[in-house]
Amino acid sequence: MTRNYKPELVGVFGCPVAENPTVVMMEAAFRHLGIDWRYLTIEVKPEDLADAVKGMKAFNMRGINLTIPHKIEVMRYLHEIAEDARLIGAVNTVVNDGGRLRGENTDGKGFVRSLKDEFGNVMEGSRVCLLGAGGAARAIAVELALAGAAEATIVNRSRAKGEALVATLNARTKCRARYLSWEGALKIPESAQILVNATSVGLFPNIDAAPNIDYDSIRNGTIVCDVIPNPPRSLFLRRAEARGARTIDGLGMLVNQGVIGFKLWTGLDAPRPAMIKALTKEFNI
Ligand code: NDP
């Protein structure tokens, strides 16, 4: 029997990157399916990104994830960028198709898949209130808009970023967006059917923090989502649940964006339960 000692390689470029947990769920998925793939966590300094992309091609790596600070900069080295990633303005996944590099963004798609799995097609015609206008918020807003959201209220601490996202949505999608400034405890618009925290407030280790909103303004039955993967039951979600909200946590989004990336790279359906199990064990939750 011929032996093959050469695994297929994928991984992540970031700086810092040592605490990125994606390797845990990806390698769990490879083991579960019994395929000889490896996921490498690679620290790449900003000034080394061009060389790192060349290296990735030289090693014939099948793909790469990008995290802070490379998601925007990497776009200049790619042959092709998916339309939604272009609207979002960032790429978190590169697929190496025989030397041709294609950029994708799976963050918002992972979010939408979580929403769909839990509640069905609630995006179509929906009215959304989104807290934040950073990378995760842009990805979520664009994918919700492409999935049929009718109206979006973007709330962000810094006005310029919030207005830039509103401008993208209004110019490039059918979703009608407006900016709402964040002053004091924010009252959630009565019309909101879906409320998303896409800020970094509440992320481990700051688990006692929650976005500054008037929690009593969350109506019973509102779908409330958090992007924070750790802890999954954030203070934001616990407060919303106490007001009768139906909730989605950020761990599901994290796993689903990985599930989508896994399929793009391997062509196989990812073993989602094995990936969730590995991450929950890793986070001790
Ligand atoms: P960015 O730095 O791009 O954006 C951070 C956002 O949080 C900005 O809108 C910022 O507002 C806002 N923010 C930060 N601190 C506060 C505060 N004290 N009060 C109000 N708003 C605040 O980060 P990302 O968008 O990349 O990441 C945001 C979060 O999403 C992180 O916690 C990350 O872990 C999570 N994430 C989860 C994913 C998942 O799969 N579950 C995937 C990607 C990210 P301002 O513009 O005013 O600074």
Side-chain angles (χ1 to χ4, degrees), residues 84 87-88 107-157 161-163 165-202 210-229 232-254 256-257:
D84 57 343
L87 282 183
I88 293 161
D107 280 341
K109 287 197 187 91
F111 173 85
V112 166
R113 184 174 291 192
S114 288
L115 206 52
K116 218 171 184 169
D117 285 351
E118 199 67 32
F119 300 118
N121 188 9
V122 288
M123 296 74 70
E124 188 75 45
S126 63
R127 293 183 297 271
V128 179
C129 177
L130 183 70
L131 310 177
R138 284 191 68 89
I140 288 170
V142 165
E143 298 297 349
L144 278 174
L146 296 178
E151 290 174 24
T153 302
I154 308 297
V155 186
N156 195 48
R157 192 176 53 175
K161 265 204 265 174
E163 287 184 338
L165 176 52
V166 166
T168 301
L169 294 174
N170 283 335
R172 309 283 298 278
T173 75
K174 290 188 184 137
C175 179
R176 294 306 88 209
R178 66 170 180 135
Y179 173 75
L180 184 61
S181 66
W182 199 337
E183 281 145 20
L186 179 90
K187 228 176 152 43
I188 302 304
E190 261 184 44
S191 60
Q193 298 159 317
I194 301 175
L195 168 66
V196 186
N197 172 36
T199 73
S200 43
V201 180
N212 186 15
I213 64 171
D214 172 4
Y215 285 84
D216 288 328
S217 66
I218 297 177
R219 289 185 311 140
N220 193 21
T222 306
I223 294 176
V224 176
C225 319
D226 206 338
V227 294
I228 302 294
R233 287 200 77 242
S234 61
L235 180 57
F236 172 72
L237 290 186
R238 283 183 279 133
R239 284 184 174 167
E241 276 164 10
R243 271 78 175 179
R246 300 175 286 162
T247 59
I248 299 245
D249 67 44
L251 190 63
M253 172 182 170
L254 181 68
N256 278 330
Q257 62 83 23

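When reading the values below, keep in mind they use all heavy atoms of this one structure, side chains included, and skip hydrogens, waters and symmetry mates. Quick caveat: nothing in here was measured; it's all calculated off a predicted structure.
Annotation: side chain of Asp226 is not in contact with side chain of Met253 (no heavy-atom distance under 4.5 Å). A 4.5 Å side-chain heavy-atom check between Asp117 and Asn256 finds at least one atom pair inside the cut-off. Side-chain contact check for Phe119 versus Arg246: some heavy-atom pair is nearer than 4.5 Å. Ile154 has its side chain within reach of Leu169: a pair of non-hydrogen atoms, C-beta onward, lies under 4.5 Å apart. Residues Glu143 and Leu146 meet the side-chain proximity criterion, which asks for heavy atoms closer than 4.5 Å. Looking only at side-chain heavy atoms (C-beta outward), Pro189 and Glu151 stay at 4.5 Å or farther from each other. Considering only heavy atoms from C-beta on, Phe236 comes within 4.5 Å of Leu195 through its side chain. When side chains are defined from C-beta on, Gln193 does not count as touching Val122, because their heavy atoms never get closer than 4.5 Å.
Of the residues Ile213, Leu130, Ile228, the one that meets the side-chain contact (heavy atoms from CB on, under 4.5 Å) test with Asn197 is Ile228.
In this structure a side-chain-to-backbone donor-acceptor pair under 3.5 Å is present from Asn156 to Ala133. Side-chain atoms of Asp249 come within 3.5 Å of backbone atoms of Gly252 as a donor-acceptor pair (strictly under, hydrogens ignored). The backbone N or O of Ser191 sits less than 3.5 Å from a side-chain atom of Arg127, completing a donor-acceptor pair. Formation of a donor-acceptor pair under 3.5 Å by the Arg238 side chain with backbone atoms of Arg233 is found in this model. Side chain of Arg138 to main chain of Leu87: a donor-acceptor pair is present (N/O by atom type, distance under 3.5 Å, no hydrogens or angles). The backbone N or O of Leu115 lies less than 3.5 Å from no partner atom in the side chain of Glu118, so there is not a single donor-acceptor pair. Formation of a donor-acceptor pair under 3.5 Å by the Trp182 side chain with backbone atoms of Asn212 is found in this model. At distances below 3.5 Å, at least one donor-acceptor pair connects side-chain atoms of Ser217 with backbone N or O atoms of Ile188.
Heavy atoms only, all atoms of each residue included: Pro232 and Leu237 are closest at O-CD1, 3.4 Å. The minimum heavy-atom distance linking Asn170 with Ala177 is given by the pair OD1-N, 2.7 Å.
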Residue pair Cys175, Leu144: steps toward the side-chain contact (heavy atoms from CB on, under 4.5 Å) verdict: CA-CA 9 Å; Cys175 179; Leu144 278 174; over 6 Å; no

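Side-chain contact of Thr199 with Arg157: a donor-acceptor pair under 3.5 Å is absent, judged by distance alone.
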